[in-house]
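Residue numbers run from 1 in the order of the sequence given. When a ligand or atom number is given, it counts from 1 through the structure's own listing order.
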Amino acid sequence: MNPPEHTSSGNRNSKKTEAWEKLLSCTWKTPLGIIGVSLTTISVTLIIIGFICHLTGLISDHYFFIFTFMFLPLMMLFGLALIPLACYFRRKKWFQGSLLNTNHLQIDLADKQHRKGIVLFLILSVINLTIIVLVLYEGYTFTDSSYFCGVVCHEVMEPQYSAYQRSPHAKVSCVSCHIGTGSSWYVQAKLSGIRQVKAIISSDFNRPITAPVENLRPARETCESCHWPDKFHGKKIKEFISYTNDNQTDPQIQEVALHIGGRNPVTDEFEGIHWHVSRNITVEYQALDTKRTRIGRVRVTKPDGTTEEYSTGNDVPDKGVTPAWRTMDCIDCHNRPTHIYDQLDQIIDFGLYSKKIDSNIAGIREDSTTILKIEYTRRNEAIERIVPDLIELVSKRHGKDYVNMNRDKIVRSGTFLLEAYLNNVWPEMKVTWGTYRQHLGHLNSDDGYGCFRCHDEVHKTQFGKAIKQDCDMCHDEPE
Ligand code: HEC
Ligand code: HEC
Ligand code: HEC
Ligand code: HEC
Ligand code: HEC
């Protein structure tokens, strides 16, 4: 501790300086002060090192990220808060033992020592603030990133994250769908996030995660920030390719021209499939179960304000469900715009069509179905078993010699099946073929998915007008 320049600044000044100096320097010596100073110094040093590692891409582990950008800044702030606290206690104690009131703390800008101190304080504060702002910003963007959502809750979100990465929305962040605009959404999302973290820690969540999701369900506005319904019009041709076990070499190709609809630029009327979400129409419905696969009453409000109500005549809800009106939105049809899982037979047919499964191996379509339906207990088990299991099935059918001659082809087919399995099945999360199904079309209408939930000719108005199932209303054959 160097004494200040007594000679030049005179006695009065030196006393003031002394008061500061005693306070500050002795603060280091109190246990609280030492803890504060060390915590701050260590965290700042580690943050700087971590920041450099992050910027240069040296370490990209997410636990490292959480440590550097969430844990260390908290430690740093805590340490910084301890220092003035230590000063305060120190001063209190110091006054107790002293009768000298002249030693009051004063800032005297004429004092060189004081000026130095102030400048030092300001510089350190700016450095600290910059670090805090940078780090908080990084941490904030990180908690909003798809990577955070998908990877940090690794096991839980893996099915969703994996499907998302292969989807048309792979470059759209989780938050742009799951979190609407406005602060109330933001708060809701973060609160729900905290609940989710708690649920994960206590392992108290549904496996599989239930759909529909309630709190983080994308809203119509979120989709409409990118897709403008007024712009839909015309038809969209879609091709469906399928095989049968009896004929696994010649594909059946079904083409449908979907009446996408939207606003007809000629008549200015809304029509076709996107009629349900047109600006001047409201379609509401009451679900009779929590999955919204059984639909009771349906109500349409037309542009002139008149309403039409459809009912099955037997709208008995599931136990514990009180039907409530819900306005139909994009997600009632596009429930899987991004977490898209394959259907078991569709993915096998795709394998045959793209020649990844060798259709020259007789019976391979049936065997592939058998393999993909096996309930392995863990994904690792599937990784080990799928190819050998397929070889065994083919061997049963055609004999060992056949397998030895065609091993390459069988292994290639098995590898495709393994990939299909890994894209769709997570036994740990109880996600398997058909867990999450989509509402577009009517492939799963037996289980209550798709358009036929309403378009079943059973939902009728009191005058007997039904929600129709005419094939031509929704699609026709492409010209
Ligand atoms: C294009 C919009 C979109 C994006 C991007 C998106 N989601 Fe979803 N997500 C949805 C929709 C729609 C649902 C189904 C909602 C429903 O049925 O209520 C859903 C459902 C979920 C569910 C509930 C389980 C399920 O499969 O139905 C989870 C968990 C989930 N999303 C996580 C994520 C994560 C993690 C990301 C980012 C990696 C993400 N989502 C990105 C639209 C999106
Ligand atoms: C941030 C912008 C953004 C948001 C938000 C968004 N999408 Fe998309 N969507 C895209 C992009 C980009 C594509 C890819 C377009 C392409 O491939 O031509 C796409 C493609 C699609 C497709 C066509 C997929 C296909 O198979 O060709 C559908 C359907 C779709 N989105 C529905 C939705 C729904 C429903 C929502 C709300 C839950 C939504 N989108 C939210 C940007 C967005
Ligand atoms: C009544 C059900 C239904 C509703 C409601 C609905 N869609 Fe669609 N949408 C469809 C169907 C069916 C298709 C065509 C099937 C396909 O592309 O696989 C489609 C196609 C699309 C496409 C792809 C268009 C193209 O040309 O490729 C986009 C984008 C889209 N919808 C966005 C939306 C948005 C945004 C909303 C909400 C404002 C919405 N949809 C509401 C059923 C619906
Ligand atoms: C919640 C119930 C409900 C669901 C689910 C539903 N619709 Fe509809 N849809 C209706 C009602 C109600 C009408 C109006 C019937 C009328 O006025 O004759 C309608 C009318 C239509 C029309 C005629 C629109 C026009 O041009 O006037 C088409 C096309 C259509 N739906 C396609 C679909 C498709 C495709 C799906 C599935 C992706 C679907 N709907 C799912 C309730 C539903
Ligand atoms: C309410 C609208 C609607 C009605 C009514 C409807 N379809 Fe469809 N259909 C669709 C949609 C939407 C798709 C596309 C699904 C997709 O994009 O995955 C589709 C796809 C198909 C496909 C190809 C996929 C498959 O299932 O193999 C066939 C075949 C088909 N429809 C036949 C019919 C026949 C036959 C009728 C008349 C009994 C009919 N549809 C009535 C909406 C409808």
Side-chain angles (χ1 to χ4, degrees), residues 144-154 156-165 167-181 192 196 205-229 232 236-242 252-261 272-277 290-292 329-341 343 345-346 349 429 431 435-445 449-457 467-477:
D144 265 11
S145 71
S146 304
Y147 183 76
F148 179 79
C149 306
V151 176
V152 171
C153 313
H154 190 74
V156 183
M157 297 272 179
E158 205 192 332
Q160 277 74 25
Y161 186 56
S162 159
Y164 155 90
Q165 287 171 303
S167 84
H169 292 109
K171 293 280 175 288
V172 177
S173 68
C174 314
V175 288
S176 44
C177 281
H178 282 285
I179 301 177
T181 43
S192 160
Q196 284 159 25
F205 50 85
N206 293 327
R207 295 183 181 79
I209 301 179
T210 45
V213 281
E214 291 301 338
N215 293 319
L216 291 176
R217 190 174 206 261
R220 214 182 129 167
E221 304 87 75
T222 52
C223 313
E224 286 182 21
S225 63
C226 296
H227 302 287
W228 194 22
F232 297 134
K236 176 180 180 179
I237 295 176
K238 246 184 134 168
E239 213 175 41
F240 295 84
I241 293 151
S242 58
Q252 293 167 6
I253 299 180
Q254 182 96 45
E255 276 193 340
V256 291
L258 294 162
H259 302 170
I260 296 281
I273 296 174
H274 287 102
W275 164 87
H276 308 75
V277 285
T290 48
K291 284 172 113 182
R292 305 200 187 124
D329 64 14
C330 320
I331 296 106
D332 285 308
C333 295
H334 296 281
N335 62 330
R336 317 242 44 108
T338 199
H339 313 293
I340 308 166
Y341 302 99
Q343 305 234 22
D345 42 354
Q346 274 182 350
D349 289 349
M429 282 302 297
V431 171
T435 303
Y436 295 115
R437 276 173 282 189
Q438 63 170 354
H439 284 308
L440 293 182
H442 40 78
L443 268 176
N444 292 305
S445 51
Y449 285 84
C451 316
F452 291 178
R453 284 175 298 166
C454 295
H455 290 269
D456 56 358
E457 306 277 350
I467 308 183
K468 292 192 292 286
Q469 207 176 82
D470 294 354
C471 317
D472 287 352
M473 182 177 71
C474 298
H475 48 71
D476 52 26
E477 295 199 4

**Atom indices of ligand 1 within 4.0 angstrom of A211 heavy atoms, with elements** = 27 (O)

**Request:** Give a yes/no answer: is there an N/O/S atom of H178 under 2.8 Å from atom 8 (Fe) of ligand 1?
**Result:** yes

**Message:** If you measure every N or O of Q254 against every N or O of ligand 5, does any of those distances drop under 3.5 Å?
**Reply:** no

**Message:** Are any of the N/O atoms on Q160, whether in the backbone or the side chain, positioned under 3.5 angstrom from an N/O atom of ligand 1?
**Reply:** yes

**Message:** Below the 3.5 angstrom mark, is there an N/O of S173, backbone or side chain, next to an N/O of ligand 1?
**Reply:** no

**Message:** I need the atoms of ligand 1 closer than 4.0 Å to a non-hydrogen atom of P337, numbered in the order shown.
**Reply:** 12 (C)

**Request:** Only heavy atoms count here, so choose which of C471, C333, C474, S242 is nearest to atom 36 (C) of ligand 5.
**Result:** C471

**Proximal atoms of ligand 1 relative to H169 (non-hydrogen, under 4.0 Å)** = 1 (C)

**Asked** Taking the minimum heavy-atom distance to atom 2 (C) of ligand 1, which of P159, C177, A163 ranks first?
**Response** C177

**Request:** Select the closest option to atom 27 (O) of ligand 1 among H227, H339, R336, E158, judged by heavy-atom distance.
**Result:** R336

**Item:** Heavy atom of protein inside 4.0 Å of atom 30 (C) of ligand 2, strictly below
**Value:** yes

**Request:** Specify whether the nearest protein heavy atom to atom 18 (O) of ligand 2 is under 4.0 angstrom away.
**Result:** no

**Message:** H455 versus ligand 5: do any nitrogen or oxygen atoms come within less than 3.5 Å of each other?
**Reply:** no

**Fill in**
Checking heavy-atom distances from atom 13 (C) of ligand 5 to each of D472, N444, L258, V256, the winner is L258

**Identity and distance of the protein heavy atom lying nearest atom 23 (C) of ligand 1** = V213 CG1, 3.0 Å

**Request:** Can you confirm whether something in the protein, heavy atoms only, sits under 4.0 Å from atom 7 (N) of ligand 2?
**Result:** yes

**C174 backbone or side-chain N/O/S under 2.8 Å from atom 8 (Fe) of ligand 1** = no

